Amino acid sequence: MATNWKEIERQYYMQVVRRQPVVIVRGKGTVVWDDFGKEYLDFTAGWAVNNVGHSNSAVAEAIANQAQTLLQTSNQFFTIPQLDLAQLLIDNSCMERVFFCNSGAEANEGAIKLAKKYGKLHLNGAYEIITALNSFHGRTMMNVSATGQPHYQQNFAPIPAGFTHVDFGDIAGIKTATTDRTVAVMLEPVQGEGGVRIPPPNYLKQVRDWCDEKNLLLIFDEVQTGMGRLGTLFGYQSFGVEPDIITLAKALGGGVPIGAFLANEKAAVFEPGDHGSTFGGNALTCAAAHAATKYTIENNLSDKASRMGEILGSGLEEIKRANPNTVADVRGMGLLWAIEYTSDISASVMAACNKAGLLLGILGTNGNRLMPPLTVSKDEINTAMERLDTGLKAVSN
Ligand SMILES: *Cc1c(COP(=O)(O)O)cnc(C)c1O
């Protein structure tokens, strides 16, 4: 008889997330198993983290080797895994310098600090950052302000000042919001948590042009879109637009907590003493991230995401056709997809899909997010679509 983990959680853990009633004990590739040995296809991938699949052996081996060699030294010294990873990321991006931290929120904090320093040095002290409505940038106080969704802010007033929110996809909104105090525009190339919103054609290019015209920095929050998810190693490559700063986390470490912000030479204005981190760039997490990134590049997982994304997209279109009364919309790019319903049934669809052996992400009350590992196979996608169909029919009947 399994321990009652759900009761322990209710009693001991801060009640901040409505967990699905599944205790995951093991994973391999796209598959995870619960404490009763039941098998699920994991289309949440740890919230877009397990891009290289669960228990990826290249990552596992790197972690095991590094754990027996060196875990942590502080940034008072040079360490090789950190520099290997720095070089790999810079060599494969349009960026010139990197800083490692421990999460997406921390990466965005760093990017925001960098932009403010840039404003101080080069834009008469400008400090305001334009971000998008429905964006998601993380849970620290600064990112709560950056995030354009009131429900993340309302319980935490006063929130830090210095952010203006505009409609995502509307270049005129950015132009109108720009003032003498504006230093940067910060966007997710595709909005993830806010609903898998793909920008209109040319939008990001127009934002880039506007930033160039006004000498503003363009920051892409690629915490979710980075590391192959959209069909290119970094999301900006899918749109042919080079930002000045990108932030990464989620899939970067192949499952271990690591974040990063990368900047071009123009934006990389930090000097000794401006920023730091005890664990940032830690040997263990960098070794894991190096293995995950190398695996992603060498196995061309970006291309795979793009090919498998087409299969997933057509599968979802088919589901929509087969369930016209329940499914309102499906949309996505690469292996980041959303299914939106005609009513508030996401919780019951998730429950029915859990039962059928498919784990889904949540998207408000009327949608679900699908973001499997990029190593997902065609057969797994087809099976997932059958299980989703089963789940939807169970809810609508
Ligand atoms: C998840 C996410 C974050 C926050 O990352 P954490 O590691 O949870 O702090 C920030 N931005 C985007 C786009 C995200 O998807």
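Every number for a ligand or one of its atoms is a count from 1 in the order of the listing. Note that the structure is predicted; figures quoted are calculated from it, not measured. Residue numbers start at 1 and run along the sequence shown.
Taking the six-membered ring wherever Trp is involved, the centroid distance between the rings of Y203 and F168 falls below 6.0 Å.
The closest side-chain donor-acceptor pair between N354 and Q20 falls under 3.5 angstrom. A donor-acceptor contact under 3.5 angstrom links the side chains of E106 and N102, judged on distance only.
Each of S103, G104, A105, N108, F136, H137, G138, E188, D221, V223, Q224, K250 has a non-hydrogen atom positioned under 4.0 Å from some atom of ligand 1.
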What donor-acceptor contacts under 3.5 angstrom involve side-chain atoms of residues 313-321, with partners at least two apart or in another chain?
{"unit_1": "S314", "atom_1": "OG", "unit_2": "E310", "atom_2": "O", "d": "2.6"}

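Grouping the Ile, Leu, Val, Met, Phe, Trp and Tyr side chains by contacts below 4.5 angstrom, directly or via other members, places Y295 apart from V49.
A heavy-atom distance below 4.5 Å is not found between the side chains of L123 and D180.
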